[in-house]
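Side-chain atoms are counted along with the backbone in the values below, which use heavy atoms only and exclude waters and symmetry mates.
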Amino acid sequence: MPDIETYIRKLEEFLPLRESILLEAIRFLNLPQASKGLDLGCGVGCVTKLLAEELGADGHVCGLDLSKRFIQYAIKKYQQHPISANMSYQQGSIEQIPFKADSFDWLWSCDCVGYPD
């Protein structure tokens, strides 16, 4: 596997190629505007941002990822984003989700299954 910086750069470069299909999938779900969602395996936060933008000012999305480096990157990248108040990021495992069962209205997960520990 490439070093983490190279991997993050490739994730960023690849997003524009798939952003429209991701937005189509997100919009198809018709998520409630004032809902709270959990993005499991959020990586560097790109899709967390798309989800938060779709929910608008009354919603909130929390991105959860095992990689501390990915979470740090997402926080830094999106801290000045117009919808930043509606996003949060936390390091943690999808095998032991660090939230109460009723903390979220829905969850989203893509691109996180099948990676080695």
Side-chain angles (χ1 to χ4, degrees):
M1 184 168 180
D3 67 82
I4 194 81
E5 296 302 324
T6 301
Y7 187 71
I8 289 172
R9 183 179 48 78
K10 287 183 179 186
L11 286 172
E12 290 287 351
E13 290 172 354
F14 190 55
L15 180 65
L17 299 174
R18 55 190 236 145
E19 187 170 8
S20 65
I21 193 71
L22 286 167
L23 284 171
E24 187 175 334
I26 291 167
R27 289 177 181 144
F28 177 80
L29 295 173
N30 198 28
L31 300 169
Q33 293 292 300
S35 63
K36 294 180 182 178
L38 178 61
D39 181 5
L40 291 172
C42 69
V44 296
C46 300
V47 179
T48 307
K49 178 196 67 96
L50 295 176
L51 289 161
E53 288 173 336
E54 184 64 22
L55 290 180
D58 295 327
H60 186 86
V61 182
C62 178
L64 179 74
D65 201 277
L66 189 58
S67 169
K68 181 178 181 179
R69 180 65 184 102
F70 284 176
I71 294 300
Q72 290 171 336
Y73 181 88
I75 290 169
K76 183 177 179 180
K77 178 170 182 163
Y78 297 114
Q79 67 186 350
Q80 299 299 320
H81 192 278
I83 198 90
S84 64
N86 303 80
M87 297 182 289
S88 59
Y89 297 94
Q90 183 170 328
Q91 183 183 5
S93 172
I94 65 171
E95 295 174 349
Q96 295 180 337
I97 298 173
F99 303 104
K100 292 181 182 179
D102 60 351
S103 297
F104 301 98
D105 301 309
W106 52 266
L107 67 85
W108 167 280
S109 185
C110 69
D111 302 330
C112 73
V113 177
Y115 288 99
D117 290 342

Practice task
Output, in order, the C-alpha distance, side-chain angles, deciding distance and verdict of side chain to side chain contact (heavy atoms under 4.5 Å, CB included) for Val44 and Ile71.
Solution key: CA-CA 6 Å; Val44 296; Ile71 294 300; over 6 Å; no

Practice task
Under the side chain to side chain contact (heavy atoms under 4.5 Å, CB included) rule, what do Leu50 and Glu19 come out as? Steps first, then yes or no, please.
Solution key: CA-CA 9 Å; Leu50 295 176; Glu19 187 170 8; 3.3 Å; yes

Practice task
Dump the intermediate steps for side chain to side chain contact (heavy atoms under 4.5 Å, CB included) on Leu38 and His60, then the final yes or no.
Solution key: CA-CA 9 Å; Leu38 178 61; His60 186 86; over 6 Å; no

Practice task
Could you give me the CA-CA distance, side-chain angles and deciding distance for Lys77 and Lys49, then say whether side chain to side chain contact (heavy atoms under 4.5 Å, CB included) is met?
Solution key: CA-CA 10 Å; Lys77 178 170 182 163; Lys49 178 196 67 96; over 6 Å; no

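Note on Val47 and Leu23: same hydrophobic cluster, where clusters join Ile, Leu, Val, Met, Phe, Trp and Tyr whose side-chain heavy atoms are under 4.5 Å apart, directly or indirectly. Hydrophobic cluster membership differs between Tyr7 and Phe14, with clusters built from Ile, Leu, Val, Met, Phe, Trp and Tyr side chains linked at under 4.5 angstrom. Linking ILVMFWY residues whenever their side-chain heavy atoms come closer than 4.5 Å, directly or via other members, leaves Leu11 and Leu22 in distinct clusters.
Here the CD-CG distance, from Glu54 to Leu31, works out to 7.0 Å after rounding to the nearest 0.5 Å. Distance CZ/Arg27 to CG/Asn30: 12.0 Å, rounded to 0.5 Å. With values rounded to the nearest 0.5 angstrom, Cys62 atom SG is found 11.5 Å from Leu107 atom CG.
Contact between Asp65 and Gly41 at its shortest, heavy atoms only, is OD2-C, 3.3 Å. Heavy-atom minimum distance, Asn86 versus Gly56: ND2-O, 3.7 Å. When every heavy atom of Ser103 is checked against every heavy atom of Lys36, the shortest pair comes out as O-CD, 4.0 Å. Minimum interatomic distance between Pro98 and Ser93 (heavy atoms only, all atoms of both residues): CD-O, 4.3 Å. In this structure, Ser35 and Leu55 approach most closely via the heavy-atom pair OG-CD2, 3.5 Å.
With sequence neighbours left out, Ser84 forms a side chain to side chain donor-acceptor pair (under 3.5 Å) with no residue at all. Annotation: side chain to side chain donor-acceptor pair (under 3.5 Å) contacts of Asp39 (sequence neighbours excluded): Thr48. Applying the side-chain contact (heavy atoms from CB on, under 4.5 Å) test to Arg69 and every residue at least two apart in sequence or in another chain returns Ile4, Glu5, Ile8, Ser67, Gln72, Tyr73.
In this structure, the side chain of Gln90 does not engage the main chain of Leu64 through any donor-acceptor pair within 3.5 Å.
Ionic pairing of Asp111 and Arg18 is present here: one or more N-O contacts between side-chain nitrogen and carboxylate oxygen are shorter than 4.0 angstrom.
Surrounding CD of Glu13 are more than 12 heavy atoms belonging to other residues, nucleotides or ligands, all under 6.0 Å away.
Counting only heavy atoms from C-beta outward, the side chains of Ser88 and Val61 never approach each other to under 4.5 Å. Side chains of Phe70 and Tyr89 form no contact here, defined as non-hydrogen atoms less than 4.5 Å apart.
The aromatic rings of Phe104 and Phe99 sit perpendicular to each other, their planes meeting at more than 60°, with 30° as the lower class boundary.
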